[in-house]
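Working notes, structure below.
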Amino acid sequence: MAALDTSAAPRLLPSYIQDSWWTPESPERASDILDASTGEPVCRVSTEGLDTAAAVAHARSSGQASLGQLTIHQRALRLKHLAAYLHEHREELYELSDRTGSTRRDHLIDVDGGIGTIRTFSSKGRKELPNANVIVDGAVEQLSRDGSFLGEHIYTRLTGVAVQINAFNFPVWGMLEKFAPSFIAGVPTIVKPASQTAYVTQACVRLMIDSGLIPAGALQLISGSARDLLDHLDHRDHVAFTGSANTAQLLRSHDNVANQGVRFTAETDSLNAAILGPDAAPDSVEFEAFIKSVTLEMTAKTGQKCTAIRRVIVPSAQVDPVVEALRARLESRVVLGDPRDADTTMGPLASTDQRDEVARAVDALVSAGGAVRVGGPESGTGSADASRGAFFPATVLSFAEPRTPAVHSVEAFGPVTSVLGYADVDDAVDLAALGGGSLVATVCTHDPEIAAEFTRGIASHHGRVLFLDRDDAKTSTGHGSPLPHLVHGGPGRAGGGEELGGIRAVKHYMQRTAVQGSPDLLTGVTGVWHRGAKAVTATPETVADGSAVHPFRKSLAELRIGDQFASGLRTVALEDITAFAESTGDTFYAHTNEEAATANPFFPRRVAHGYLLVAWAAGLFVEPAPGPVLANTGLENLSFQTPVTYDDSIRVTLTAKQIIPRETDDYGEVRWDTVLHNQHDEIVATYDVLTRVAKESKPEWV
């Protein structure tokens, strides 16, 4: 990919629409995008003449078709390869990101963070989801007494388009953290980045397209205004927005969102808090970790993070020590300047407009009673050229009245924070709640009871709570690092939306549907065998006479859902129970004391160990010769239902319930429905056996 050429007149930034790069011809209006440090032109942005209706139609037709030809695992595997490709080319993205005001540390958050996010989603998609396009959600509900009518929930992909509108502060991560789960779900994406840093997003999209891993119609890019995009959406579509609360409200009020069922989620302004516990004295490890965390969140991305710490809530007696500790750390570690200078540790804001907005917010906080304790607009920018770049110094304020409304409502979206004193834990909880809902809070304490008290008080106001102490200070991923494994979002002011959270994020781009029907029909719908559905049954007798094949003799290519083995009965003797107790050391009275067992209302007399029965079941269904079954990898959902005493008998029925081929290995996973019955056909136990099975009928080692 060629680097962005700014040696001549700034070019118009292209969009990627209908699988082609598109640039407007001689637009009447175009926005100039400037280098955040130098004020030099980088590019121009315009979408005049862009056919948004055609982009939506292309996603719904070509994008849906191409993604639908792939399974969840196949799409997830493409993400793995895409992550590797982007990693190889990340220096190109770093170079462009320099122009946004981002430092090398900031690149790791945005560029490497985005690449790591799609890598994580790839792994989780292949490990936690079926290699199919239908996901079963929860247990089966038996809706008729005889089991002929069942109900359950499934997830299937949305049939529309995922529109992803991103903020200026994370041009790479902001796109990739939304794109990855929608891609795994099988929903095509239209990306609309913020114009100020759209050139970095455009470069990343170009790399993604050049990788050859993105199917036709699966990814489109609007480099500039989205114009009338929402006019063409309906209930099939999903809009994920990151940005200001005002813009989110404007989008929510669009008729297609308000009345036509367009799915909408938002992640918006957030006055996140860091709370110093009452046990964290100035000489404690917790205090030091707290100061480091606040300083980092003030300066990373120049404080332009939706998760940045805006309110520092500390015991009243600690306000001055905290301010002075922040001053010392900021003065010793923060060098404001052009990110391309080796000494720079904090770059400018993304634009002069953004700088002026932060300055206005600080003025509002000062007018409301805030005292500038560190930095401030009047402190200057050191060697950084404030006449050309969007530089703003790290600034700390304090408030004599911590309940001043402005400090809980005005967000300075830059390297600015306010220190507030509290009287006790209840007071701290109330102060945190005044933010009206936040993405994240950090609580710094080493006392589990204090942590529990804060959890009860603030969890409902936050999407994430980080507890920081001496034990995790070195391993914590930090206050401001949304992880792909955990939910990112928050209530109230934070937008009320939810992103990330592992497989939860994938399901945001899918529809959960209740399905009802017979066992056979639901087996066909889900690709998962349901009890009562048709089965091809082998028995010890039919296997012996050659009229049936034991399911364990079938490779993944030969095995079918519903292939079943039904064993004969095996009788339990008292000696078996006693021997198992002696050999394992499990001498619980229900197995060894006749009188005590009989007195127990759950047992008729001494009973067999449940794990003895599970072990015997394996002996009843296993086929011992080397073959396609490579390993038993687990047992899930074990439930004991009817006790078995001596002189009872058990038999086992093993049915291929789910088959999950692996894309990159010579084997797949098979889940076997396992049911133990006694001689009266009562269910003794149920569980799933997990095995790895070779794809070929005769592996080379056999």
Side-chain angles (χ1 to χ4, degrees), residues 63-86 115-137 154-159 162 176-189 208 211-219 484-485 500-512 523-529 554-561 628-631 633-634 636 656-672 688 690-696:
Q64 281 282 335
S66 62
L67 287 171
Q69 293 171 1
L70 305 172
T71 65
I72 288 173
H73 283 203
Q74 289 167 343
R75 294 191 291 267
L77 184 60
R78 289 198 180 208
L79 285 185
K80 176 184 177 181
H81 298 317
L82 180 63
Y85 186 87
L86 292 177
I115 294 170
T117 294
I118 62 174
R119 186 182 293 116
T120 297
F121 272 108
S122 170
S123 175
K124 293 183 77 68
R126 287 175 289 137
K127 289 180 179 178
E128 300 177 30
L129 293 176
N131 195 1
N133 277 311
V134 174
I135 302 171
V136 175
D137 178 45
I154 62 170
Y155 281 99
T156 56
R157 67 193 180 115
L158 299 181
T159 56
L176 295 180
E177 63 97 4
K178 294 181 177 70
F179 170 78
S182 62
F183 187 81
I184 290 177
V187 181
T189 291
M208 294 166 73
S211 74
L213 296 165
I214 306 299
L219 176 61
H485 316 72
L500 301 177
I503 297 305
R504 294 172 185 83
V506 176
K507 293 177 179 177
H508 292 325
Y509 297 94
M510 307 183 86
Q511 173 64 44
R512 182 166 56 188
T523 295
V525 167
T526 63
V528 178
W529 186 82
K554 295 182 178 181
S555 68
L556 212 66
E558 298 163 328
L559 191 67
R560 297 291 179 268
I561 297 295
V629 176
L630 306 175
T633 60
E636 293 182 352
K657 180 178 182 179
Q658 187 178 25
I659 301 173
I660 306 175
R662 293 179 65 94
E663 292 297 321
T664 57
D665 297 298
D666 58 2
Y667 64 86
E669 277 87 23
V670 178
R671 180 180 294 270
W672 304 85
D688 290 345
L690 310 179
T691 64
R692 288 179 177 172
V693 177
K695 291 180 177 178
E696 300 297 327

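All residue numbers refer to positions in the sequence shown, counting from 1. Keep in mind it's a predicted model, so treat the numbers as computed, not measured.
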Heavy atoms, side chains only, cut-off 4.5 Å: are [X] and [Y] in contact?
| X | Y | answer |
| --- | --- | --- |
| I184 | I72 | yes |
| V693 | I659 | no |
| P130 | Q658 | yes |
| L70 | R78 | yes |
| K554 | R560 | no |
| T117 | L176 | no |
| R512 | Y155 | yes |
| V528 | R671 | no |

Counting only heavy atoms not in K124, do more than 12 sit closer than 6.0 Å to its NZ atom?
yes
What's the verdict on side chain to side chain contact (heavy atoms under 4.5 Å, CB included) for R126 and L79, showing C-alpha distance, side-chain angles and the deciding distance?
CA-CA 11 Å; R126 287 175 289 137; L79 285 185; over 6 Å; no
L690 vs E636, side chain to side chain contact (heavy atoms under 4.5 Å, CB included): CA-CA, chis, key distance, verdict:
CA-CA 8 Å; L690 310 179; E636 293 182 352; 3.6 Å; yes
Can you see which heavy atom on [X] is nearest to which on [Y], and at what distance?
| X | Y | value |
| --- | --- | --- |
| K695 | R662 | NZ-O, 2.5 Å |
| F179 | M208 | CE2-CE, 3.6 Å |
| Y667 | L556 | C-CD2, 4.3 Å |

Give a yes or no on whether the backbone of [Y] and the side-chain of [X] come within a donor-acceptor separation of less than 3.5 Å.
| X | Y | result |
| --- | --- | --- |
| Q74 | N131 | no |
| S66 | A216 | yes |
| S122 | A76 | yes |
| H485 | G502 | no |

Could you give me the CA-CA distance, side-chain angles and deciding distance for F121 and L500, then say whether side chain to side chain contact (heavy atoms under 4.5 Å, CB included) is met?
CA-CA 9 Å; F121 272 108; L500 301 177; 3.8 Å; yes
Does a donor on one side chain sit under 3.5 Å from an acceptor on the other, for R119 and S123?
no
Start with the C-alpha distance between L67 and V187, add both sets of side-chain angles, then the distance that settles side chain to side chain contact (heavy atoms under 4.5 Å, CB included), and finish with yes or no.
CA-CA 7 Å; L67 287 171; V187 181; 5.7 Å; no
